[in-house]
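All remarks here apply to the structure that follows.
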Amino acid sequence: MYALVDCNNFYASCERVFNPAILHRPVIVLSNNDGCVIARSNEAKALGFKMGDPFFKVRGLAARHGVAVFSSNYALYGDMSSRVMQTLERFAPEVEIYSIDEAFLNLAGFAEDRLAALAADIRRTVRQWTGIPVSVGIGPTKTLAKAANQLAKKDPAAAGVWLIATERDRRDALARLAIGDVWGIGHRWASFLESNGIATALAFSRQPDRWIRTRLNVIGLRTAVELRGTPCIPLELSPPPKKGLVVSRAFGRKLTAYEPVKEALVAYVTRAGEKLRRDRLLARHMQVFLHNSPFSTAEPYYGNASGFHLPHPTSDTAELIGHATAALRRLFRPGFHYAKCGVMLAELCPAGAGQRDLFDTRDDNRSRRLMTALDAINRRMGRDTVFYAGSGIRRDWKAFANMKTRHFTTDWRQLLRVSA
DNA sequence: TCTGGGGTCCTAGGACCC
DNA sequence: TCTGGGGTCCTAGGACCC
């Protein structure tokens, strides 16, 4: 049996832990640049806020209902997440951290009649130790545990716990679950299946294999088999090696000149280099992209990308910056109001395994020592204590976050003060 | 003035090889 | 009636997840 533990409205719940005044107020959390709604408390969902709503369109609604609005605070959410995960690791020997707010637990070996009590204990403990409310779904496959979790969240009578243990439990659960709420069935597949008269998880699980395999694909078939109770998605205890990484951000304002776009790109490439070195990886391929707003009515859409192999695998920031800015010069066209750019690094390989060119006589010792020193300084003294001048100093293109709370748990200077 | 950021996997089609 | 059979690699596009 597997459990799927999912934090309720995670980002909104994190904000509430440090601000009891909003415990019963609707809460929404915005994406980077305060652009879109990406988390909502139950009260905010009831008011009609949707995932992905552009904030400028719902600002009025928020004001009318006294909604507490926050910029996202990833330092806080990341730290709260690791507290939740550490708590979960006390309950089961095998835990897969599936996302910032979810984990699968392997419950093999637990007596079946104790599972409901265990789930209740997990909820109580995580709530008490971290302040975060969670829901627990239990089932014989990961997809069924996910399904159980959906029902635990939806049915107020469930008290945050749902158990699929018997064949009868399974059929009951799948009959209640809309096809679009199945893990692995997204927007497109859901509407395709609905148009074929398949509205519930149960109906889907009963379709012939051949039909699912040809209309969807093997992933769709795997989902159906899991819904029938046969596990085919194993627990992943250590994350598989990363295949690529992206750093991209929308600018805080539209940019028309080359220089600020280049500064932003250099800053993103710097972050990408840090990620590579943190994971002890080298990149062999780079892609740089740039585009104006796809929503603009004032000018045509212009988006372009340049991808190329690097002369040798590297994680050296200076080298990455050189290649990236050369690519940007090819992509940049004057006359557009640019909204966003980014860099993708791919064909990653472990540092030390980088294939050298036969005629490559570089001394990469110097680069390695420089990067190590740079990372050490920035780790100890704070991000961007030392940085490449190409990323600019004023950085007035930076995304804004006007309603961000403090880093309550990761910075001594930002601890919560309580007056009594 | 205004719309996020980060990933993985599969399939089809075209090019190439014998 | 009747243009084989078996591969690899790459890319673009489209699903999906959080």
Side-chain angles (χ1 to χ4, degrees), chain A residues 4 6-7 9-11 28-39 49-60 62 69-74 77-78 81 96-104 142-143 146 149-150 179-193 212-223 226 233 236 239-256 264 268 271-272 275 279 285 287 289 291-298 301 305 307 309 337 339-348 397-402:
Chain A
L4 188 269
D6 190 323
C7 301
N9 315 323
F10 182 54
Y11 297 169
I28 60 175
V29 179
L30 306 178
S31 67
N32 194 35
N33 244 339
D34 296 338
C36 295
V37 175
I38 55 167
F49 289 92
K50 297 278 181 295
M51 188 74 174
D53 276 347
F55 179 54
F56 74 89
K57 287 189 181 171
V58 295
R59 190 192 295 268
V69 182
F70 297 95
S71 306
S72 36
N73 182 347
Y74 288 103
Y77 310 150
S81 171
E96 172 186 340
I97 299 173
Y98 175 65
S99 74
I100 194 165
D101 69 337
E102 284 173 73
F104 287 101
K142 285 167 79 173
T143 305
K146 268 280 205 180
N149 191 283
Q150 287 281 330
I179 184 63
D181 289 339
V182 173
W183 185 46
I185 304 293
H187 232 107
R188 300 302 290 264
W189 286 358
S191 54
F192 167 75
L193 292 168
I212 297 173
R213 176 68 182 79
T214 53
R215 302 305 167 95
L216 307 183
N217 58 26
V218 296
I219 297 182
L221 180 57
R222 200 141 58 205
T223 296
E226 282 240 326
I233 305 175
E236 275 178 4
K242 228 195 254 310
K243 301 198 164 172
L245 66 87
V246 180
V247 178
S248 74
R249 305 255 181 288
F251 310 130
R253 60 183 176 86
K254 301 295 179 258
L255 301 180
T256 51
Y268 304 164
R271 199 67 65 227
K275 287 185 179 187
D279 295 346
H285 190 270
Q287 186 174 341
F289 66 88
H291 61 80
N292 65 358
S293 169
F295 305 103
S296 171
T297 49
Y301 179 73
H309 282 95
H337 292 72
K340 182 176 181 172
C341 75
V343 62
M344 263 180 238
L345 298 174
E347 294 183 28
L348 307 183
W397 40 262
K398 269 185 95 159
F400 43 88
N402 292 328

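Order of the sequence lines sets the chain letters (A, B, ...), proteins ahead of strands, with each chain counted from 1. What you see below is based on every heavy atom in this structure, not just the backbone, and it leaves out hydrogens, waters and symmetry mates.
- Taking CD of A:Glu236 as the start and NZ of A:Lys142 as the end, the distance is 6.0 Å to the nearest 0.5 Å.
- Ring geometry, A:Phe104 versus A:Trp183: the interplanar angle falls from 30° to 60°, so the pair is classed tilted.
- With both ends at atom P, the span from B:dT3 to C:dC18 equals 25 Å, rounded to whole Å.
- Between A:Lys254 and B:dT3 there is a side-chain polar atom (N or O) within less than 4.0 angstrom of OP1 or OP2.
- Looking at heavy-atom distances under 4.0 Å, A:Arg213 makes contact with sugar-phosphate atoms alone, never a base.
- Of the candidates B:dG4, B:dT11, C:dC16, B:dT11 carries the atom nearest the A:Asn217 side chain, counting heavy atoms from C-beta on.
- Side-chain N/O atoms of A:Lys340 include none lying less than 4.0 angstrom from OP1 or OP2 on B:dG6.
- Among B:dG6, B:dT11, C:dA15, the nucleotide with an atom closest to any side-chain atom of A:Val246 is B:dG6.
- Taking a 6.0 Å sphere around NZ of A:Lys398, one finds it holds 12 or fewer heavy atoms contributed by other residues, nucleotides or ligands.
- Atom OH in A:Tyr301 sits about 13 Å away from atom P in B:dT3, given to the nearest Å.
- Note: CG (A:Asn33) to P (B:dT3) measures 7 Å, nearest angstrom.
- Within the nucleic acid shown, A:Asp101 comes within 4.0 Å of sugar-phosphate atoms alone, with no base atom in reach, counting heavy atoms only.
- Distance A:Ile212 CD1 to C:dA15 C1': 16 Å, rounded to the nearest Å.
- Residue contacts for A:Lys57: at a heavy-atom cut-off of 4.0 Å it reaches a base atom on one of the strands shown.
- In this structure, A:Ile219 and A:Arg249 both approach DNA chain B, and ranking their closest nucleotides by distance from the 5' end singles out A:Arg249.
- For the pair A:His187 NE2 and C:dC18 P, the interatomic distance rounds to 14 Å; values are reported in whole Å.
- Within 4.0 Å of A:Leu216, counting heavy atoms only, lies no atom of the nucleic acid at all.
- Residues A:Trp189 and A:Asn217 are in side-chain contact: their nearest non-hydrogen atoms beyond the backbone lie under 4.5 Å apart.
- Nearest nucleotide to the A:Trp189 side chain, out of B:dG6, C:dC16, C:dC17: C:dC16.
- Backbone-only contact: A:Tyr98 has heavy atoms under 4.0 Å from sugar-phosphate atoms and none from a base.
- A sub-4.0 Å separation between OP1 or OP2 of B:dT8 and a side-chain N or O of A:Lys242 is absent.
- Residue A:Lys142 contributes atom NZ, which lies 12 Å from atom P of C:dC18 at whole-angstrom precision.
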Assess the residue pair A:Leu30 and A:Phe70 against the criterion (side-chain contact (heavy atoms from CB on, under 4.5 Å)); give the C-alpha distance rounded to whole Å, side-chain angles, the decisive distance to 0.1 Å, and a yes or no.
CA-CA 6 Å; A:Leu30 306 178; A:Phe70 297 95; over 6 Å; no

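- Taking only side-chain nitrogens and oxygens, A:Ser293 never comes nearer than 4.0 Å to OP1 or OP2 of B:dC2.
- C:dC18 atom P lies 8 Å from atom CH2 of A:Trp183, rounded to whole Å.
- Nearest-nucleotide positions on DNA chain B for A:Asn32 and A:Phe56 put A:Phe56 closer to the 5' end.
- The side chain of A:Leu245 lies closest to B:dG7, out of B:dT3, B:dG5, B:dG7.
- The residue A:Gly52 sits apart from the nucleic acid: no heavy atom pair falls under 4.0 Å.
- Between the C1' atom of B:dG6 and the CG atom of A:Leu348 lies a distance of 14 Å, rounded to the nearest Å.
- Under the 4.5 Å side-chain criterion, counting only non-hydrogen atoms from C-beta, A:Ser71 is not in contact with A:Phe400.
- At a threshold of 4.0 angstrom between heavy atoms, the contacts of A:Ile100 with the nucleic acid are absent.
- Taking atom CZ of residue A:Phe289 and atom P of nucleotide B:dG4, one finds them 12 Å apart after rounding to whole Å.
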